[in-house]
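Quick notes on the structure that follows.
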Amino acid sequence: MSSSSVFAVRELALNACAAGVAGLLALSGASSRAQTADAADPIASSAEPVVLADAQRIQITGHYDNAVGLSDAASQGVIRAALLKSRPALRPGEVLEFVPGVIVTQHSGDGKANQYFLRGFNLDHGTDFATTVNGLPVNMPTNGHGQGYSDLNFLIPELVDRIEYRKGPYFARNGDFSSAGSADIAYRKQLDAPTAQITLGQNGFRRAFLGGSTPIGDQHALLGALEVQTNDGPWTVPENHRKLNGVLTASWGTAQQGGSVSAMGYDARWASTDQIPQQLIDDGAVNGQPFGRFDSLDPSDGGRSSRYSLSTEWRQADANGHTHISAYAMRYRLQLFSNFTYLLDDPINGDQFSQTDSRSSYGLAASRQWAHPLGPIEARSEVGVQLRHDRVHVGLFSTREREILSTTREDDVTETSIGLYGQTAVEWAPWLRTVLGARVDRFNFRVDSLSLPANSGRTSANLVSPKLAVVLGPWRKTEFFINAGRGFHSNDARGTTSRFDPKDPATEVAPVPGLVASRGVELGARTEIVPGLQSSLALWKLDFDSELVYIGDAGNTEASSPSRRHGVEWNNRYTPNDWLLFDADLAWSHARFKGLLDDRVPNSVDTVASMALTLRENGPWAARIGPWSGSLQWRYLGSGPLIEDNSVRSAPSSTLNLRIGRRLSAHAELTLDVFNLTDRQVNDIQYFYESRATGENGPIVPRLHVHPAEPRTARLSLRVTL
């Protein structure tokens, strides 16, 4: 696709979203008045009744659909939109922190994909955690920056209806990148009322959101949303982050029988401050000039990203079962300029490099669920097929102040995958249920290397992944789980055909396998024996055949030994009444390479924790001081080894986030968010490697590099509904 046609598609998509939102705000004003009661209490409007397997009925008040009898694993669940509205998020990707055990940080500009931590993994930018938004896959295979690159900056939090999460490779429906876990983020098809929200914050943060929906005939609806955001951040070099984002969705029918068509458009650009040596921060100077935590060693770093898509889904339920079909087409672009080592390799021009990714992606998924009693035994089966096709132009270049100096590698890649899966759930007794499944995946890779033809080629890979779940109970509102399964992640296609180092063509390298298998087991329990408390405990283990990683700044794939991780997760949700919620998620993990003397897995954080206290506006204080609400969340990212011998470890970080809300009327609400409430000097990420900055002439030795977390930051939002 030419640059002019991409520009036309981008303008068409964003203009359509803007026009759609403006029209919907006008059209839906009248229809929204009938929904005023729900709009005044968005948490109550999200509540749904839940039916348990043993026919008990429990009314869940809108935060979680994780009751006993609804899951196949202790580490599986659903998060409702109501909880997302109760706590603040510094960046869109932090909505994944509502998944128990997940911590989300950033090591560069806010337009770049986040860093994700879960189950002893530094998931980098998304490898081994599969994410979808509104039915679209987020992870990018054979990405210019990193395998499985998962950029959630296009997410619009106001549109999220629920997050369905699963951890471990135990679920037949999940394929590539899902060994550690997965999250499906579902958007709403209708809004309770037309909504406008303005947010103002420190460091040049400005955000505007407009959204609305309106009925069109019988059981049809049109939803539109538009987001505009700017932010400079606390950095000495202003981030100058500019984001434009839009969604337009037409839907019909019901959740069981109907469908939708969605157009989405996102465009962002930014400057970034990458990680910097801790030594220079401690010295307070670089080459005689003052230097601090928020300074940059290369002010030309930054990037641009865009994502435009058209997707559709169709659902039909009949007397025998349920059929679901979905498809999408997506156009994606990424250009990054990064410099992590500064003047180490090239003292004259510097070490900045550019990574580019321009792709078209297409996908199709179809599944069928049906009940089929096995004599007196109840059973339900599901079969499905998942197709994905990516055509990618990807490049790596040496640059200076964003000007290309030379080409390290440039490739045209075609990657096609097909996954077939099936599973059958059998209720052998009121206290025993099993789910037996399997999936078969095939990947075809074609690489045409434009810079080094010897690295061109075609390869393929296959994998069969069995899955098993055993659910025991419930007894006294308590059930137990046994889970096992095989999973995998794909490797960068370029690594499967490379035979020579792109930086040194005289050096031979070994191709890597296309798929890397994992094997996991989990023992878990979930209970509601204490009134108002949902509590779950999971003991898990995950083995990987290899931790092969594509090194984006070198243009090759680096192999490491097989690994083993195990750990414990304890998650709690306590709602003693309808105005108080307490969350406590604690996770400990142990990560090691197999067969090595120095066996620590770098950046494998051993402990993460999150606790939050949420007060709804209908508390006992409402009659005296009005409808105030609030939440206080504690986030903890523990220590981890930075090199294999464990001689250097990262420092843990602990922060508090605060939200205070005041409903001004039935149609207006004011919210204050304060991030890093106690203004702690902690880091979002820490690495240990060699680098050289301006004026440094001593011996080169590895040293600690950090990207600081933002200092105390306040944002004030006004939300108005019609």
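Side-chain atoms are counted along with the backbone in the values below, which use heavy atoms only and exclude waters and symmetry mates.
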When you compare the side chain of H705 with that of Q686, does any pair of heavy atoms fall below 4.5 Å? no
Would you mind checking if R293 and E710 are paired as a salt bridge, meaning a charged N to carboxylate O distance below 4.0 Å? no
Can you confirm whether F353 sits close enough to S398 that some side-chain heavy atom of one is under 4.5 Å from a side-chain heavy atom of the other? no
Evaluate the criterion side chain to side chain contact (heavy atoms under 4.5 Å, CB included) for residue pair I418 and D441; output intermediate values, then yes/no. CA-CA 6 Å; I418 179 170; D441 289 276; over 6 Å; no
Do R409 and N455 have side-chain heavy atoms sitting under 4.5 Å apart? yes
Around R446, counting heavy atoms of other residues, nucleotides and ligands shown, do more than 12 lie under 6.0 Å from its CZ? no
Quick check on R458: does its CZ atom have over 12 non-hydrogen neighbours (other residues, nucleotides or ligands) under 6.0 Å away? no
One should read off an interatomic distance between N231 CG and L90 CG, to the nearest 0.5 angstrom, of 8.0 Å
Could you tell me the separation between the CG atom of D599 and the CG atom of D645, rounded to the nearest 0.5 Å? 10.0 Å
Between E403 and R400, is a salt bridge (Lys or Arg N to Asp or Glu O under 4.0 Å) present by the stated rule, with each step listed? CA-CA 5 Å; E403 294 295 327; R400 178 179 182 178; over 6 Å; no
Check whether any side-chain heavy atom of F544 sits under 4.5 Å from a side-chain heavy atom of H489, and report yes or no. yes
Does the pair S490 and D176 meet the rule for a side-chain hydrogen bond (donor to acceptor under 3.5 Å, both in side chains), with working shown? CA-CA 6 Å; S490 61; D176 199 8; 2.6 Å; yes
Is the closest side-chain donor-acceptor distance between R331 and S358 under 3.5 Å? yes
Please determine whether salt bridge (Lys or Arg N to Asp or Glu O under 4.0 Å) holds for the pair R692 and D351, giving the CA-CA distance in whole Å, both sets of side-chain angles, and the decisive distance to 0.1 Å. CA-CA 10 Å; R692 184 193 294 275; D351 297 348; over 6 Å; no
Side chains of D301 and S338: is there a donor and an acceptor less than 3.5 Å apart? no
Heavy-atom side-chain contact between R391 and R359 under 4.5 Å: no
Determine whether S589 and R565 satisfy the following criterion, side-chain hydrogen bond (donor to acceptor under 3.5 Å, both in side chains), listing intermediate values before the conclusion. CA-CA 7 Å; S589 59; R565 291 172 172 83; over 6 Å; no
Looking only at the side chains, is there a donor atom on one of H241 and D110 sitting less than 3.5 Å from an acceptor on the other? no
Out of I643, L642, D606, L704, which one pairs with R649 under the side chain to side chain contact (heavy atoms under 4.5 Å, CB included) rule? D606
Side chains of S691 and T341 only: does a donor on one sit below 3.5 Å from an acceptor on the other? no
Cation-pi check for F688 against R703: NZ or CZ below 6.0 Å from the six-membered ring centre and within 45 degrees of the axis, yes or no? no
Is D124 reaching over with its side chain to a backbone N or O of G126, donor-acceptor style, under 3.5 angstrom? no
Under the side chain to side chain contact (heavy atoms under 4.5 Å, CB included) rule, what do L136 and M264 come out as? Steps first, then yes or no, please. CA-CA 10 Å; L136 291 170; M264 303 171 64; 3.7 Å; yes
Could you check whether R307 pairs with D151 (Lys NZ or Arg NE/NH1/NH2 to Asp/Glu carboxylate O, under 4.0 Å)? no
Closer than 3.5 angstrom, by distance alone: can the side chain of Q106 be matched with the main-chain N or O of K112 as a donor-acceptor pair? yes
Between T142 and E415, does any side-chain donor sit less than 3.5 Å from a side-chain acceptor? yes
Donor-acceptor contact present, side-chain S305 to main-chain L334, <3.5 Å: no
Under the side chain to side chain contact (heavy atoms under 4.5 Å, CB included) criterion, do D501 and E508 qualify, and how do the steps go? CA-CA 6 Å; D501 187 333; E508 294 188 11; over 6 Å; no
Steps toward side chain to side chain contact (heavy atoms under 4.5 Å, CB included) verdict (L96, I185): CA-CA 9 Å; L96 286 182; I185 303 174; 4.2 Å; yes
Give a yes-or-no answer on whether the side chains of Q278 and D282 include a donor-acceptor pair shorter than 3.5 Å. yes
Looking only at atom types and distance, does a side-chain atom of T127 sit under 3.5 Å from a main-chain N or O of Q147, one as donor and one as acceptor? yes
Taking the ring of H107 and the ring of H125, is the distance between their centroids below 6.0 Å? yes
Taking only residues two or more places apart in sequence or in another chain, which ones pass ring pair (Phe, Tyr, Trp, His ring centres under 6.0 Å) with H590? H566
Is it the case that S182 and R166 place a side-chain donor and acceptor less than 3.5 Å from each other? yes
Do the side chains of V601 and F593 get nearer than 4.5 Å, heavy atoms only? yes
Among side-chain atoms of S465 and R439, is any donor-acceptor pair under 3.5 angstrom? no
Determine, step by step, whether R564 and D543 satisfy the salt bridge (Lys or Arg N to Asp or Glu O under 4.0 Å) criterion, reporting the C-alpha distance in whole Å, the side-chain angles of both residues, the deciding distance to 0.1 Å, and the verdict. CA-CA 4 Å; R564 168 167 292 177; D543 292 346; 2.8 Å; yes
Distance-only donor-acceptor check, side chains N444 and T416, under 3.5 Å: no
Got a donor-acceptor contact below 3.5 angstrom from the Y636 side chain to the P652 backbone? no
Taking the side chain as every heavy atom from C-beta outward, state whether R388 and S361 have any atom pair closer than 4.5 Å. yes
Taken to the nearest 0.5 Å, the spacing of D598 CG from S561 OG works out to 11.0 Å
Just wondering, do N603 and Y687 contact through their side chains at under 4.5 Å, heavy atoms? yes
D357-N143 side chain donor-acceptor pair, cut-off 3.5 Å: yes
Flag yes if more than 12 heavy atoms outside E690 fall under 6.0 Å of its CD atom; otherwise flag no. yes
For the atom pair CD (Q352) and CD1 (I404), what is the distance rounded to the nearest 0.5 Å? 10.5 Å
Do D295 and T236 have a side chain donor and acceptor closer than 3.5 Å? yes
Residues that H707 engages under ring pair (Phe, Tyr, Trp, His ring centres under 6.0 Å), provided they are two or more places apart: W235
In terms of heavy-atom contacts, does CZ of R242 have more than 12 from other residues, nucleotides or ligands at under 6.0 Å? yes
Check: D184/T132 side-chain N/O donor and acceptor closer than 3.5 Å: yes
Roughly how far, to the nearest 0.5 Å, is the CG atom of D492 from the CE atom of M140? 14.0 Å
Are D684 and Q115 linked by a side-chain donor-acceptor pair shorter than 3.5 Å? no
Near R442 CZ, under 6.0 Å, is it more than 12 heavy atoms from other residues, nucleotides or ligands? yes
Value rounded to 0.5 Å, distance of OG1 in T496 from CG in N491: 8.5 Å
Set out, in order, the CA-CA distance, both residues' side-chain angles and the distance that settles side-chain hydrogen bond (donor to acceptor under 3.5 Å, both in side chains) for D274 and S108, then state yes or no. CA-CA 5 Å; D274 287 319; S108 191; 2.6 Å; yes
